**Q** 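Right, I'll just put the structure down here and ask away after.
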Protein chains: 2
Amino acid sequence: MATRTRRPDRRQEPLSRERIVTTAVELLDTVGEGGLTFRALAERLATGPGAIYWHVTGKAELLGAATDAVIGATAVKDAAATPQETIRALALGLFDSIDAHPWVGTQLARSPSQPPMLQVFESLGRQVQALGVPDEAQFTAASALLNYILGVAGQNAANARTVRPGTDRTEFLDATATAWEELDPDRYPFTRHVADRLRRHDDRAEFAAGIDLILAGITARP
Amino acid sequence: MATRTRRPDRRQEPLSRERIVTTAVELLDTVGEGGLTFRALAERLATGPGAIYWHVTGKAELLGAATDAVIGATAVKDAAATPQETIRALALGLFDSIDAHPWVGTQLARSPSQPPMLQVFESLGRQVQALGVPDEAQFTAASALLNYILGVAGQNAANARTVRPGTDRTEFLDATATAWEELDPDRYPFTRHVADRLRRHDDRAEFAAGIDLILAGITARP
DNA sequence: ACCTGAACACCGTTCAAGT
DNA sequence: ACCTGAACACCGTTCAAGT
């Protein structure tokens, strides 16, 4: 009887766009941005590379779909107490997604206002309206927030790419701090001045502080 | 006699790192990011691809050197009247460089705090100090400015990549505005609300407005 | 010391042929 | 309708051989 039990054998499930995208995300998460290859993907799916093209037009679309899959899972609920808190929650949700999947950062920084980012822009914009920002200033405010978020996303992804896989955050920050402290004092006084701060640095908190700074700018009435 | 005149024949100049980087920038500017190939580069330099490797360790370094060459040329003079104006001038200088060479945007958004960006961070930081920002807040302020700049850089580069070469800015913005106006009113009220603004949109002015917003946040004392 | 260019080990993508 | 996998047209990089 045991041999007759129908256990779900992934290899036998029919190929589908969904299964391709899921596997692509797995590959991206485990092997990194350079690891997503049509050949590697085909092997994991137990087919030839050509099969994938029947469900997906090419690598660009695949990368886009993988990004959508991750970002789409970041719940965008306009629910918190104040607009400021909602914006902060939204931004931190994105930060966490990107932190967990660094390749998403690269992708977002590369691709223009596609579906997932448009959704974020919309959510940011609504909260900017709720903040009582005058009509003409709303676009600028929402854009500034989005651009800041995308900038951090790109840098995070770049750091994840640079650091050799073994290193943890503390070690990396410590190495950077030491490097900064060895810079030419005449040319880099400020960088040296803030170098030691890196050792007590919390990326996430720093990111949130940046959001707060922009929010302060948005709500400051001259 | 004419045949004896020594006219500078580029093909006969010896290969040098400098000549390689200059040619790479030309290639990047004319053929785009996908056009920089060791084979194409070698052809322009009238050699084989292998020769380039004697002067440069690989493509990553070449891309970095090309970026340095462009950004390094962006004069970083801490000279304007107020710190605010200096920061704005610095940011706009970067914006213009990236606008002229979109591939620089991609590169900056990808590579972490390398030489050219460290220089920008330093300059921003000094002005933040000049603004009288308290010690503990200086790092956050300089980072927020830099991340915003990098975010815009990445988006600009992405747009330049998306648009088919013929299209001019106005045409592109108009098409985006129309697309936004056709979005589902229930899901995208804000985006639709600001869509028409795109038709009178000035990227550069918008970028500067974002800088001003962050500056307002930095100088706002709670 | 510096250059040459064939060769290696990959890519993404296509497509005739199968089921 | 969907899958297969060999083949095409590229890459970046290496390296023996040249000058």
Side-chain angles (χ1 to χ4, degrees), chain A residues 8-68 103 106-107 110-111 158 161-162 164, chain B residues 8-68 103 106-107 110-111 158 161-162 164:
Chain A
D9 186 345
R10 297 311 238 51
R11 318 230 147 198
Q12 306 218 353
E13 274 173 36
L15 208 51
S16 66
R17 201 186 137 90
E18 200 198 328
R19 208 154 82 83
I20 290 171
V21 173
T22 307
T23 311
V25 170
E26 281 171 22
L27 218 40
L28 252 0
D29 284 344
T30 54
V31 207
E33 314 188 30
L36 182 63
T37 280
F38 275 82
R39 270 162 254 253
L41 191 55
E43 203 190 354
R44 281 220 185 194
L45 293 164
T47 23
I52 298 166
Y53 283 85
W54 204 91
H55 300 272
V56 143
T57 55
K59 193 167 187 181
E61 195 200 304
L62 183 56
L63 241 13
T67 306
D68 284 18
W103 53 272
T106 316
Q107 201 51 27
R110 285 181 63 88
S111 82
R161 220 181 292 115
T162 307
R164 52 190 175 81
Chain B
D9 185 344
R10 297 310 239 52
R11 316 231 148 196
Q12 306 218 351
E13 274 173 36
L15 209 51
S16 66
R17 201 187 138 89
E18 201 198 328
R19 209 155 81 81
I20 291 171
V21 173
T22 307
T23 311
V25 170
E26 282 171 23
L27 218 40
L28 252 1
D29 283 344
T30 54
V31 207
E33 315 189 29
L36 181 63
T37 281
F38 276 81
R39 270 161 254 253
L41 191 54
E43 202 189 357
R44 282 219 184 193
L45 293 164
T47 24
I52 298 165
Y53 283 85
W54 203 92
H55 299 273
V56 142
T57 56
K59 193 167 187 181
E61 195 200 306
L62 183 56
L63 240 13
T67 305
D68 283 19
W103 53 272
T106 314
Q107 200 52 26
R110 282 182 63 89
S111 82
R161 221 180 293 117
T162 308
R164 51 192 176 79

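Values below: all heavy atoms of this structure, side chains included; hydrogens, waters and symmetry mates excluded. Small disclaimer: the values here were computed from a predicted structure and weren't measured. Throughout, protein chains are lettered first and strands after them, A, B, ... in sequence-line order, and every chain is numbered starting at 1.
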**Q** For residues B/G35 and B/A40, report the shortest heavy-atom separation together with the two atoms involved.
**A**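 Of all heavy-atom pairs spanning B/G35 and B/A40, the closest is O-CB, 4.0 Å.
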**Q** Around atom CD of B/E18, are there more than 12 heavy atoms of other residues, nucleotides or ligands at under 6.0 Å?
**A**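 Check fails, neighbour count at 12 or below.
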**Q** Look up atom CG in A/L36 and atom CG in A/L27, then write down how far apart they are to the nearest 0.5 Å.
**A**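 Spacing of CG (A/L36) from CG (A/L27) equals 5.5 Å.
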**Q** Whole Å only: how far is the CZ atom of A/R17 from the P atom of D/dA1?
**A**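 Between P of D/dA1 and CZ of A/R17: 19 Å.
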**Q** Roughly how far apart are B/L28 CG and B/E33 CD, rounded to 0.5 Å?
**A**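 With rounding to 0.5 Å, CG (B/L28) is 7.0 Å from CD (B/E33).
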**Q** How far does OG1 of A/T22 sit from CZ of A/R17, to the nearest 0.5 angstrom?
**A**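 The OG1 atom of A/T22 sits 11.0 Å away from the CZ atom of A/R17.
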**Q** Specify the separation, in whole Å, of atom CH2 of A/W54 and atom P of D/dC3.
**A**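 The answer, rounded to whole Å, is 8 Å.
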**Q** Specify the separation, in whole Å, of atom CG of B/L15 and atom C1' of D/dT19.
**A**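 Going from B/L15 (CG) to D/dT19 (C1'), I get 15 Å.
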**Q** How long is the gap from CG on B/L63 to CZ on B/R110, to the nearest 0.5 Å?
**A**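 Here the rounded value is 8.5 Å.
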**Q** Could you give me the stems involving DNA chain C, meaning stretches of three or more consecutive Watson-Crick or G-U wobble pairs whose two defining distances are both below 3.5 Å?
**A**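 C:4-8 with D:12-16, C:12-16 with D:4-8 - these are the stems of 3 or more pairs that involve DNA chain C.
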**Q** I'd like to know if the side chain of A/E61 and the backbone of A/T57 have a donor-acceptor N/O pair within less than 3.5 Å.
**A**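 Between the backbone of A/T57 and the side chain of A/E61 there is a qualifying donor-acceptor contact (under 3.5 Å).
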**Q** Give, for atom OG1 of B/T23 and atom CZ of B/R44, the distance between the pair rounded to the nearest 0.5 Å.
**A**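 That separation rounds to 7.5 Å.
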**Q** Restricting to nitrogen or oxygen on both sides, can you table the protein-nucleotides 8-15 of chain C pairs closer than 3.5 Å?
**A**
{"from": "C/dG12", "atom 1": "OP1", "to": "A/L36", "atom 2": "O", "distance (Å)": "3.4"}
{"from": "C/dG12", "atom 1": "OP1", "to": "A/K59", "atom 2": "NZ", "distance (Å)": "2.7"}
{"from": "C/dG12", "atom 1": "OP2", "to": "A/F38", "atom 2": "N", "distance (Å)": "3.1"}
{"from": "C/dG12", "atom 1": "N7", "to": "A/R39", "atom 2": "NH2", "distance (Å)": "2.5"}
{"from": "C/dG12", "atom 1": "O6", "to": "A/R39", "atom 2": "NH2", "distance (Å)": "2.7"}
{"from": "C/dT13", "atom 1": "OP2", "to": "A/Y53", "atom 2": "OH", "distance (Å)": "2.9"}
{"from": "C/dT13", "atom 1": "OP2", "to": "A/K59", "atom 2": "N", "distance (Å)": "2.9"}
{"from": "C/dT13", "atom 1": "O5'", "to": "A/Y53", "atom 2": "OH", "distance (Å)": "3.1"}

